[in-house]
Amino acid sequence: MIGNERLAVRKTYKLYVNGAFPRSESGRTYEVTDARGNFVANAAHASRKDARDAVVAARAAFAKWSRATAYNRGQVLYRVAEVMEGRHVQFCEEVAAQEGLSTSKARAAVDAAIDRWVWYAGWTDKLGAVLGGANPVAGPYFDFSLPEPTGVVAVLAPQRSSLLGLVSVLAPVLTGGNTAVVVTSRERPLPAVTLAEVLATSDVPAGVVNLLTGDAGELGPWLAEHDDVDAVDLTGAPPGRAMELERLAASSIKRVVRPPAEEPDWSADPGLSRLTPFLETKTVWHPMGL
């Protein structure tokens, strides 16, 4: 206290790796401001070591998450929506401040983000029926094609849409049974930090989602060339860097989702376009009984 004036508590937010909230290994932080340039908080500036730790955590969590029943994964994703609903006011305030939106527009973005989790939760146990099938073959065999998760997916989240865009690229990765390492929006990380707190207090197993605040231009190349990353979503790649990141990803034959030419309308019906890039179709043959 100075006289009758109370000093504000300056928050320093941490990373979210393996279900915990560590500081950056480098000790670096950076200032986060609102849309008007006012200081809001400090955020951890993730390093290469932090990115490696996140990949290790995602790989360790993959076996359990990918083998969980589709119904169970749907319940977990729905639980994320439930916990987000309980922090609706906080999300609205952060989205409004970070993106410079009016209260009504921020509320609409938060509502859409919560509904997006519910939408993808409903798809978990329907992917096999829609994307798989029984194939006619010339022989006494049953032949089935089934979608299976690719593995660890590195996601460069949208830089402008701090919550709805983030959820729109993260939720489909998890729906199919993949695990994720996400680099959040650098300038607008607070909704992602709050989402990390939601994930930690819902039923998402540790390591399934790992959120790194910092610079996508710095972290992107390390994740793109990492041999234990199976796919990379370049949606939030820095302008002019996508081709470089694709070349790095090609060294280990990763699946790549290229960045859009311009920021998409994240409120639009997502369809299946973000589910299929992170699913592999595998075929099973079985002799017919006599």
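Not measured: the values here are computed from a predicted model.
Partners of D34 under the salt bridge (charged side-chain N to carboxylate O under 4.0 Å, His left out) rule, at least two apart in sequence or in another chain, do not exist in this structure. Every residue was checked against the salt bridge (charged side-chain N to carboxylate O under 4.0 Å, His left out) condition with D125, not counting sequence neighbours, and none meets it. Judged as a salt bridge (charged side-chain N to carboxylate O under 4.0 Å, His left out), and not counting sequence neighbours, R186 has no contacts. Residues satisfying the side chain to side chain donor-acceptor pair (under 3.5 Å) test with R28, not counting sequence neighbours, are S26, H45, E218. Residues satisfying the salt bridge (charged side-chain N to carboxylate O under 4.0 Å, His left out) test with R258, not counting sequence neighbours, are E246.
Ion pair E197/R87 flagged as a salt bridge, since at least one NZ, NE, NH1 or NH2 atom sits closer than 4.0 Å to an Asp/Glu carboxylate oxygen. Note on D228 versus R52: no salt bridge recorded, every NZ/NE/NH1/NH2 to OD/OE distance being 4.0 Å or above. Between R247 and E244 there is no salt bridge, since no side-chain N of the basic residue sits under 4.0 Å from a carboxylate O of the acidic one.
No continuous path of hydrophobic side-chain contacts links V17 to V155 [ILVMFWY only; heavy atoms under 4.5 Å]. Connection of L127 to F278 is not established within any shared hydrophobic cluster, with ILVMFWY side chains joined at heavy-atom distances below 4.5 Å, either directly or through further cluster members. Hydrophobic clustering, with ILVMFWY side chains joined whenever heavy atoms are under 4.5 angstrom apart, keeps W266 apart from V183. Transitive grouping of hydrophobic side chains (ILVMFWY, heavy atoms separated by less than 4.5 Å) keeps V208 and L223 in distinct clusters. Taking hydrophobic clusters as Ile, Leu, Val, Met, Phe, Trp and Tyr residues chained together by side-chain heavy-atom distances below 4.5 Å, L77 does not share a cluster with L275.
Heavy atoms only, all atoms of each residue included: S24 and A46 are closest at OG-CA, 3.9 Å. The shortest heavy-atom contact between N178 and G151 is OD1-N, 2.8 Å.
Applying the under-4.5 Å side-chain rule to Ile, Leu, Val, Met, Phe, Trp and Tyr, the cluster around V118 extends to Y78. If you chain together ILVMFWY residues whose side-chain heavy atoms come under 4.5 Å of each other, Y71 ends up in a group of its own. Connectivity analysis of hydrophobic side chains (ILVMFWY, heavy atoms under 4.5 Å, direct or indirect) links V193 to Y13, Y30, V32, V40, L190. Grouping Ile, Leu, Val, Met, Phe, Trp and Tyr by side-chain contacts under 4.5 Å, direct or through others, puts W285 with V137, Y141.
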Pair up each side-chain donor or acceptor in residues 107-114 with any protein partner under 3.5 Å, not counting sequence neighbours, and list the distances.
residue: D111; atom: OD1; partner: H88; partner atom: NE2; Å: 2.5

Quiz: residues 163-177 side-chain donor-acceptor pairs under 3.5 angstrom, not counting sequence neighbours:
residue: S168; atom: OG; partner: R116; partner atom: NH1; Å: 2.8
residue: S168; atom: OG; partner: L164; partner atom: O; Å: 2.7
residue: T175; atom: OG1; partner: A171; partner atom: O; Å: 2.8

Exercise for the section: Walk me through it: do T150 and D230 pass the test side chain to side chain donor-acceptor pair (under 3.5 Å)? Expected result: CA-CA 7 Å; T150 293; D230 302 297; over 6 Å; no

Problem - Candidate pair Y16 and V182, rule side chain to side chain contact (heavy atoms under 4.5 Å, CB included), full reasoning - result: CA-CA 10 Å; Y16 180 59; V182 183; over 6 Å; no

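Partner E225 forms a side chain to side chain contact (heavy atoms under 4.5 Å, CB included) with one of L245, L248, V232 and no other, that one being L248.
Side-chain N/O atoms of K254 and S252 include a donor and acceptor closer than 3.5 Å.
Annotation: salt bridge (Lys or Arg N to Asp or Glu O under 4.0 Å) contacts involving residues 154-180, sequence neighbours excluded, are absent.
In this structure, K64 places its NZ atom where only 12 or fewer heavy-atom neighbours from other residues, nucleotides or ligands lie under 6.0 Å away.
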